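Residue numbers start at 1 and run along the sequence shown. In this text, all values refer to a predicted model and were calculated from it rather than measured experimentally.
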Amino acid sequence: MNEHATQVLDAYLDAYKLAVPHAVLIEGRWGSGKTHFLEKVYEPSRIQRMHAERRRHVPFLFVSLFGATSASDVEMRIYKTANPGEAIAGSLAGTFALGIGEFLRVKDTTKGVVDRLGKKAIKRLNEYVFVFDDLERVEKAAFGEVMGLVNALVAEHGRRVLLVTDEDKLKELVGDTIWKDQNEKIVGRRARIEADLESLMQTSIRELAKGPAKTLFTDVAGDLLEVARASKVENLRNLSWAMHNATAFVNCLIRDNEIPVSHVVWTMKVVLATTLWLRSGLLDNETLRHIPGLSTTLAFRSISRSSQDAPLDPQLTKAKAFSDAFGFLDVDAPPVDYAFITAFEKSGVLEDSEVNTWIKSHFGFGRKYSEASWRRLWHSHERPIAETEQALADLKDELAQRVHTHLGPILHAVGLALRHWAVNDHRLTNNEDVVAFFKKYIDDVADQGLLEKSEPDHFFSTLHSYGGLGFSSNDTDEFQQILQYIRTRSREIAAAELRTRAEIILDEAEAGDLEALFRLVRSDEYQLSTNPVLKDIPVNRVAELMARDVPALHAGSKMLAYRYHRARNGDPLLEEIHWARGVYAAVVEKLDHWEEPHRSMALKSMAGLISHYEQGKQPDDMIIPPKEAAETEG
């Protein structure tokens, strides 16, 4: 990859004399790996070629222009980069103008500068190809002066110079006209660098310390490259971080002999994928909460009439995109808790014992832990008969004791019971019909308040689905009946909890915290602001709150106006619209007891605010019908 750039650089650096003195522009998007290509790919390759041809190699001197404020600043950076030890240990203090001739040609150098910097140090500056990195990050006011320095290096002193930049950002900094002028004067050739994922990955692996982790990375390098390409992320800085994070998890797991190598490899790939998307802003902590059991969530939406046409919320949309991109990694059922990945990304600290304990307890690795009975039973085709019989006995006992309360394990057990029932093995349900047995099971755990809740728009399986397993029975009528039943009961629990949260908000508003009402419309309170949690709240309770005084009326009016502003026909939130109309009518009635001019002003303010946010909506979706709104305005 980037063969064209290699050819451009070879022609430039191999020329004995340049017909026209010039610099070469190395350009590409931020994070595309321009510096990596020069430092880790091109120069090492050139060193080998020079050695093979018995030619002297002129090394690169990388000098960052990030924040450079003047040509003198750049000159000092050149010296300090070439002679870091002397710059620190010598009498050099602060910055001072060296003058281009003072350090590039010893014969022209003043005695004072030689005394301070040392003749050998100055001489070394003639042994480099100058690579000026981050040209787009030089201070704007210093751009012309810095380019003047580059021109002097090229035209007056015959030096080879490479300018590394994101040209689009450079044009944003100085403008097209100024850059066009400098480009024509100084840049003779250019090469564009494209993200070379494979090269960076090979470099990352090559630089690992010798040991089992490096061996493992080397063995699966091709698989890791597949993950990187599937991510569609081209920023090599993000890939470097992703490789760093994956290495940390491998070092954590590989020392524990009870965790299979296959699981370590799986974890490595998932950490790589997750970090790439986290670093690129395509994922966040909230979205990652939606991913385990995502296939279950989407399956329930597909059979729910109320959800089929409703758009996915932002987090669920991102989660689905991640799952679609990395479906081959079973990210819906990750090999390690995503919380460990995000915590490491945030702090750089990985608690090895906690990570290993989580993995071993969830997957049954090691002598202290046992794999879930329903998972062991599902994999009976690859286990000894005795283990299968034990798993069946364990699951039967767990079902009888109502051990499982999360949706995923219950539905896996449903799928297993149906599969066994089909071959006349009725032991899991103790000879009771599968549908009747599990409806009773669901009622028992729901009545005890133990059944996992399902948000109105979601259906999570917090104990992962492991690639489907029991859900592969979902094409049977029996499974669909149970699935609908558990969904209904689970949603009831979630709805009751949301109702409780809504009532707490009203309690706070009634106690004087009117700002609490805006939690019912804020985007960071997604469940409260997008689901019909108010329809069972007594209309008069809210009306009395709003009719207390002007501040309460204003806060309540804004809540009503904002809450339904974006809701259109078919939106579940519109199940509340009759309730909202009731609140409005009750408030209008109570305002009749206010004295003028407060009554008229308050009524006009409330109706005007609500009507403004109802513009363009159908009458059936409005709190104030058009005719009534017109009368109020009149």
*Look up atom OH in Y564 and atom CD1 in I610, then write down how far apart they are to the nearest 0.5 Å.*
10.0 Å
*salt_bridge(K318, D284) N-O dist < 4.0 Å*: yes
*Can you measure from CG (L553) to NE2 (H598) and round to the nearest 0.5 angstrom?*
13.0 Å
*Is it the case that more than 12 heavy atoms not belonging to H263 sit under 6.0 Å from its NE2 atom?*
yes
*Between K169 and D134, does at least one N-O distance fall below 4.0 Å, as a salt bridge requires?*
no
*Heavy-atom count around W241 CH2 within 6.0 Å, excluding the residue itself: above 12?*
no
*Quick one: closest heavy-atom pair of E452 and S490, and the distance?*
O-OG, 2.6 Å
*asked:* As a quick check of understanding, evaluate salt bridge (charged side-chain N to carboxylate O under 4.0 Å, His left out) for D443 and K439, giving each step before the final call.
replied: CA-CA 6 Å; D443 285 339; K439 282 187 174 181; over 6 Å; no
*L416 and W374: which non-hydrogen atoms are nearest, and at how many Å?*
CD1-O, 3.4 Å
*Give every residue pair that meets the side chain to side chain donor-acceptor pair (under 3.5 Å) criterion with at least one member in residues 542-551, sequence neighbours excluded.*
N540-E544
_To check you understand the geometry: which heavy-atom pair defines the closest contact between V227 and F328, and what is its length?_
CG2-CE1, 4.1 Å
_If we ignore hydrogens and angles and just use 3.5 Å, is the side chain of T500 paired with the main-chain N or O of A496 as donor and acceptor?_
yes
_Cation-pi, F437 ring and R402 (6.0 angstrom, 45 degrees)_ = yes
*Between E614 and K617, does at least one N-O distance fall below 4.0 Å, as a salt bridge requires?*
no
*Salt-bridged, E226 to R229, with N to O below 4.0 Å?*
no
_With no hydrogens and no angle check, just 3.5 Å: does a side-chain donor-acceptor pair link E345 and T275?_
no
*By side chain to side chain contact (heavy atoms under 4.5 Å, CB included), which residues pair with Q618, not counting sequence neighbours?*
D621
Distance-only donor-acceptor pairs under 3.5 Å for side chains of residues 515-522, two or more places apart:
{"residue": "R519", "atom": "NE", "partner": "E525", "partner atom": "OE2", "Å": "3.4"}
{"residue": "R522", "atom": "NE", "partner": "D524", "partner atom": "OD1", "Å": "3.0"}
{"residue": "R522", "atom": "NH2", "partner": "D524", "partner atom": "OD2", "Å": "3.3"}

*Starting at CD1 of I442, measure out to CD1 of I486 and round the result to the nearest 0.5 Å.*
4.0 Å
*asked:* If you apply the rule salt bridge (charged side-chain N to carboxylate O under 4.0 Å, His left out), what do you find for R289 with E286, and how did you get there?
replied: CA-CA 5 Å; R289 287 182 55 250; E286 182 63 25; 2.7 Å; yes
_Check: F326 ring centroid to F322 ring centroid under 6.0 Å_ = yes
*Is D444 salt-bridged to K440, cutoff N-O under 4.0 Å?*
no
*Does a side-chain N-to-carboxylate-O contact under 4.0 Å join E575 and K535?*
yes
*Is a side-chain N or O of E576 found less than 3.5 angstrom from the main chain of L534, in a donor-acceptor match?*
yes
*Around atom NE2 of H565, are there more than 12 heavy atoms of other residues, nucleotides or ligands at under 6.0 Å?*
yes
*How many angstroms lie between atom CE of M243 and atom CG of L224, to the nearest 0.5 angstrom?*
5.5 Å
*Taking NZ, NE, NH1 and NH2 as the nitrogens, is one of them in R489 or D447 under 4.0 Å from a carboxylate oxygen of the other?*
yes
